[in-house]
Structure formats: C-alpha cells, structure tokens
Amino acid sequence: MQVTTYWLEHAWLGTHVEPGVALDVADGRITAVRTGADAPEPGAEVLRGLTVPGLANAHSHAFHRALRGLVQVGSGTFWTWREFMYQVASRLTPENYHALARAVYAEMALAGITAVGEFHYVHHAPGGKPYADPNAMGEAMIAAAADAGIRITLLDTAYLSSGISNKPGGEPPNPHQLRFSDGTAEAWAERVSLLKGGELARIGAAVHSVRAVPAAQLPVVAAWAAERGAPLHVHLSEQTAENDACLEAHGCTPARLLADHGVLGRHTTGVHNTHLTDEDIRLLGDSGTGTCMCPTTERDLADGIGPAKDLQRAGSPLSLGSDSHAVIDLLEEARAMEMDERLRTRTRGHWTAASLLRAATADGHAALGWSDAGALEPGALADFTTVALDSVRTAGPLPRLGAETAVFAATSADVRHTVVAGRHVVRDGVHTLVPDVPSALSQAIAALRG
C-alpha cells in the first residue's frame with residue numbers, strides 16, 4: 001500500500017486551527033493525522049496556507065453557468081429568468097453538456113469544491129423523445145465530474161408537470177419542459193434505476209418541486225430513494241407563488257404536502273426553504289430534513305432570505321450550494337448566509353466560522369450521501385483544499401484565526417490546492433486535468449449561444 005504524506009502548514013481540525021499537521025493518505029483515504037509536525041518530512045507534499053476538508057456544493061444546475069452575465073442585464077423576475085434558462089436548456093446535447101459541465105466542475109475544483117450535488121433534470125432530446133441511451137445526459141454529467149477530478153452525486157430529478165392543479169397528473173409539461181419529463185414517476189424510476197455510480201459518483205433522487213411532481217406521484221420518488229438509502233432533494237418554497245398555488249389546490253403548504261406523502265426525512269434535503277410558516281419549520285426540523293441554502297442565487301433572483309437559523313434550531317442540518325452559479329464560491333455562500341441573517345435580524349454573530357465551515361464541508365457531504373467525507377481525520381476520504389493566508393484578502397490576521405479569515409475574507413480566488421481521493425486536482429492554483437479552465441468555459445458557453 002503506497003502512502004503519500006501531505007504536510008499542512010495550518011489545518012482546520014473541526015474546532016480549531018492546528019499548525020504543522022502531517023496527513024498520511026493511502027487508497028484515497030486519510031490513514032493518519034499527526035500534529036506537531038513543525039517542518040515537512042522528506043518527500044512530503046507541502047501545502048502552505050490553511051487546509052480544510054473539501055467543500056461540498058450541495059446544489060448545482062451545471063448548465064445555468066451559461067446564464068452568468070446574460071441574466072444580469074436589465075431587471076425582471078424569477079419567471080423572466082426562467083425563460084432564459086429554457087432557451088439554454090433547449091440547446092443542450094449529451095456532447096455539449098459534457099463539455100460545459102466538465103468546465104464548470106473544473107471551476108468548482110479551483111474553488112476548493114471536492115463534491116457536487118447535480119440537481120439534474122434535462123433528461124431527453126428536444127420534444128421529449130428519449131435518447132438511444134435513456135440516461136445519456138446523466139451519464140455525461142458523471143463523466144464530466146470524473147474528467148474534472150471531483151465527486152458527484154447525480155440527483156436525478158423527477159419533473160412531470162408544469163404546475164400545481166387538482167388534476168391527478170397535474171398540468172401537462174409546456175413545450176420547454178418536455179425534455180425534463182418521463183411522463184410518470186414510475187417511468188422516471190425505471191430509467192433512473194439503470195444509472196450506476198462509481199468511485200467518484202453516487203446516484204440520488206430529486207423531486208423538482210411540488211409544482212413539477214403531482215402529489216399522487218410523490219410517494220413513488222420517495223420510495224425509490226428510501227429503498228436505496230439514497231439522498232433525496234427537493235426545491236421547497238422558493239417562491240411565494242408556489243405556496244399560493246399549493247394552498248389553492250391542496251389546502252396546505254408545500255412542506256405539509258411533502259410530509260403527508262412521505263418525502264421528508266433525514267435523507268431528504270429541502271433546497272432554499274425560503275417562505276416557510278412556523279409549522280413548516282417544525283415539520284422539517286422534527287423529521288431531520290436538511291436545508292440547503294444558496295444565498296448568492298437567492299439574492300440574484302430576489303427570492304428572499306430564508307429562516308436558516310430557525311430551521312437549524314428546529315433540527316434541520318444546513319448545507320450550501322451555488323445553484324445557478326451566479327458565482328461559484330462556497331466561502332461566499334457561507335459568508336452570505338451569516339450576512340443575510342444579520343440584515344434580516346439586525347444583529348451579528350449567528351454562526352461561528354467553525355459552524356459555517358461545517359455547513360460547507362461535513363454537513364454538505366452528508367446531504368449528498370458522502371458521510372465519510374468532510375473531516376480531516378483517520379478513515380475519512382482524502383478530500384481537502386488549501387486557502388492562502390498571504391493574499392491581499394487574507395494577509396494580516398494571526399494564523400490561529402484562519403477559519404475566521406477564510407470564511408469572512410477569503411474568496412475562491414484564494415484557493416491554492418485541491419486534493420480529491422488523495423490526488424492533487426488543483427496544484428498552486430492550476431487545474432491538473434483541465435489546464436485552461438477559462439478557455440474551456442468560454443468555448444463551451446459559446447457553443448450554446450443561439
């Protein structure tokens with residue numbers, strides 16, 4: 001068994017920053033953590049700065065990266081933004097989506113992200129006809145993550161209707177949404193069951209929203225995930241219009257509808273959870289359902305500020321995602337969650353830096369089904385990232401305040417190294433598998449322009 005030793009100038013060990021730490025890595029896992037290593041031993045890989053567990057991006061729509069800049073022109077609403085999104089989705093093929101996702105996941109690696117939850121719903125060819133391989137699009141995502149060197153949980157998404165109604169099948173998909181729909185939850189489950197994971201890939205499930213999956217079909221998706229112990233994610237109460245439509249059709253909130261149909265639970269994560277009642281918060285907390293906050297997208301789309309602190313107090317674990325990729329920066333997502341809560345309450349200090357890092361690491365990985373990642377400890381997956389402590393943003397504070405410096409001052413531009421499964425994916429700020437990420441992004445996005 002070949003052992004590689006990484007020498008960490010400073011390491012965040014969950015509760016504090018420790019100087020001089022040696023990590024022994026073999027077969028993709030950490031085998032030993034040795035403190036008091038004042039200098040690197042001969043042959044050790046030297047990581048200068050603050051090393052933390054790899055960051056987990058718990059909510060991603062990779063193709064939304066092509067919207068950056070475009071949807072910032074002028075004004076509009078979530079619903080006008082959605083029209084731009086449909087235009088990009090209509091141009092995706094397995095080939096060009098692989099190229100885009102590979103570049104997006106490489107951008108994530110450069111930002112210190114070692115695992116992504118891809119909330120994937122573009123399943124079929126335009127018009128809704130399945131590809132010869134019915135999972136061609138999902139398999140393109142899995143291959144893209146492998147090519148970029150990061151882990152993926154493919155959250156294959158059920159998206160069956162265009163809106164909430166009293167009809168058993170909901171409102172039929174609109175022409176844009178035909179690519180997303182399998183027709184029924186049973187057909188969705190049959191297709192998803194063909195997907196396979198691997199060393200860097202796991203398969204999970206998602207309910208797009210109560211708008212997109214009729215109430216009667218929710219139990220099918222929930223049962224598929226429960227039978228496999230797979231993570232199950234759902235967009236929840238992102239928009240007040242969703243709540244209003246659910247109340248009109250079903251006489252209850254989306255959270256109550258999900259609870260009544262077996263969707264909530266400790267393997268489930270609600271994404272956004274923005275417009276909740278006190279009862280909704282209790283339902284999520286009592287069931288152990290997680291909450292994935294995506295502050296940079298929520299503010300970009302003017303969604304609102306969700307009750308993250310109240311949810312956490314109620315028992316809902318917090319994770320973070322970059323969602324529409326207005327920016328890809330999990331440090332900013334962590335910082336924004338605290339800053340948004342300060343604006344909402346006009347008080348400071350809702351989460352410590354350690355708590356925010358936990359949401360970005362261990363709890364994010366757990367939400368994606370990687371419970372053995374997110375910590376620098378023996379037996380954990382050897383996924384970690386190093387943030388510079390000597391950049392123009394991070395220079396000055398004492399190293400023992402490295403966690404506070406990383407969360408409240410650093411950005412993705414300060415990431416120097418990213419290691420996944422013991423392999424150096426980003427070294428000195430350069431991706432080892434995709435050497436020119438900006439060009440890869442530019443070319444992939446240009447190919448999607450109409």
[Y] side chain reached by [X] side chain, heavy atoms, under 4.5 Å:
{"X": "L232", "Y": "V234", "result": "no"}
{"X": "P295", "Y": "M339", "result": "no"}
{"X": "L110", "Y": "I328", "result": "no"}
{"X": "E242", "Y": "S209", "result": "yes"}
{"X": "M137", "Y": "R179", "result": "yes"}
{"X": "L195", "Y": "D156", "result": "yes"}
{"X": "H424", "Y": "L47", "result": "yes"}
{"X": "R34", "Y": "T5", "result": "yes"}

Check your understanding: Quick one: salt bridge (charged side-chain N to carboxylate O under 4.0 Å, His left out) partners of E139, sequence neighbours excluded?
Key ->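 Expected list: none.
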
Exercise for review: Could you list the residues that satisfy salt bridge (charged side-chain N to carboxylate O under 4.0 Å, His left out) with R299, not counting sequence neighbours?
Suggested key: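 Per chain and number, R299 pairs via salt bridge (charged side-chain N to carboxylate O under 4.0 Å, His left out) with E332.
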
Check: [X] side chain, [Y] main-chain N or O, donor-acceptor pair, under 3.5 Å:
{"X": "R29", "Y": "G379", "value": "yes"}
{"X": "H10", "Y": "G49", "value": "no"}
{"X": "E298", "Y": "G304", "value": "no"}
{"X": "T269", "Y": "C292", "value": "no"}

Exercise for review: Take S391 and D414, measure what side-chain hydrogen bond (donor to acceptor under 3.5 Å, both in side chains) needs, and give me the verdict at the end.
Suggested key: CA-CA 7 Å; S391 76; D414 297 309; 2.8 Å; yes

Check your understanding: Is the distance between the ring centroids of H233 and H235 less than 6.0 Å?
Key ->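 No, the ring centres sit 6.0 Å or more apart.
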
**Study point:** Carboxylate-amine/guanidinium contact E45 R427, below 4.0 Å
**Key:**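 The answer is yes: the pair qualifies as a salt bridge.
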
N/O donor-acceptor pairs under 3.5 Å from side chains in residues 223-230, not counting sequence neighbours:
unit_1: W224; atom_1: NE1; unit_2: S193; atom_2: OG; d: 3.0
unit_1: R228; atom_1: NH1; unit_2: W224; atom_2: O; d: 3.0
unit_1: R228; atom_1: NH2; unit_2: S193; atom_2: OG; d: 3.3

Over all heavy atoms of both residues, which pair between [X] and [Y] is shortest? Give the atoms and the distance, please.
{"X": "L264", "Y": "T289", "result": "CB-OG1, 3.4 Å"}
{"X": "P254", "Y": "S237", "result": "CG-OG, 3.8 Å"}
{"X": "F63", "Y": "A89", "result": "CE1-CB, 3.8 Å"}
{"X": "L155", "Y": "A206", "result": "O-CB, 4.0 Å"}
{"X": "T418", "Y": "A109", "result": "OG1-O, 2.8 Å"}

Scan side-chain atoms only and decide if [X] and [Y] contain a donor-acceptor pair under the 3.5 Å cut-off.
{"X": "W351", "Y": "E341", "result": "no"}
{"X": "N273", "Y": "T291", "result": "yes"}
{"X": "Q177", "Y": "Y121", "result": "no"}
{"X": "D147", "Y": "H98", "result": "yes"}
{"X": "T274", "Y": "E238", "result": "no"}

**Study point:** Geometric class of the H59/H61 ring pair [parallel <30°, tilted 30-60°, perpendicular >60°]
**Key:**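 It falls in the perpendicular class, over 60°.
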
Review point. Parallel, tilted or perpendicular for H208 and Y159, by the 30°/60° rule?
Key: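 Plane angle between 30° and 60°, so tilted.
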
Exercise for review: List for me each residue that meets ring pair (Phe, Tyr, Trp, His ring centres under 6.0 Å) alongside H275, sequence neighbours excluded, and say none if there are none.
Suggested key: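 By the ring pair (Phe, Tyr, Trp, His ring centres under 6.0 Å) rule, H275 matches no residue at all.
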
**Study point:** Any pair counted as ring pair (Phe, Tyr, Trp, His ring centres under 6.0 Å), so long as it reaches residues 286-323, sequence neighbours left out
**Key:**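 For residues 286-323, and leaving out neighbouring residues, there are no ring pair (Phe, Tyr, Trp, His ring centres under 6.0 Å) pairs at all.
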
Review point. Which pairs count as ring pair (Phe, Tyr, Trp, His ring centres under 6.0 Å) when at least one residue sits in residues 294-341, sequence neighbours excluded?
Key: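 The answer is none; no pair qualifies.
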
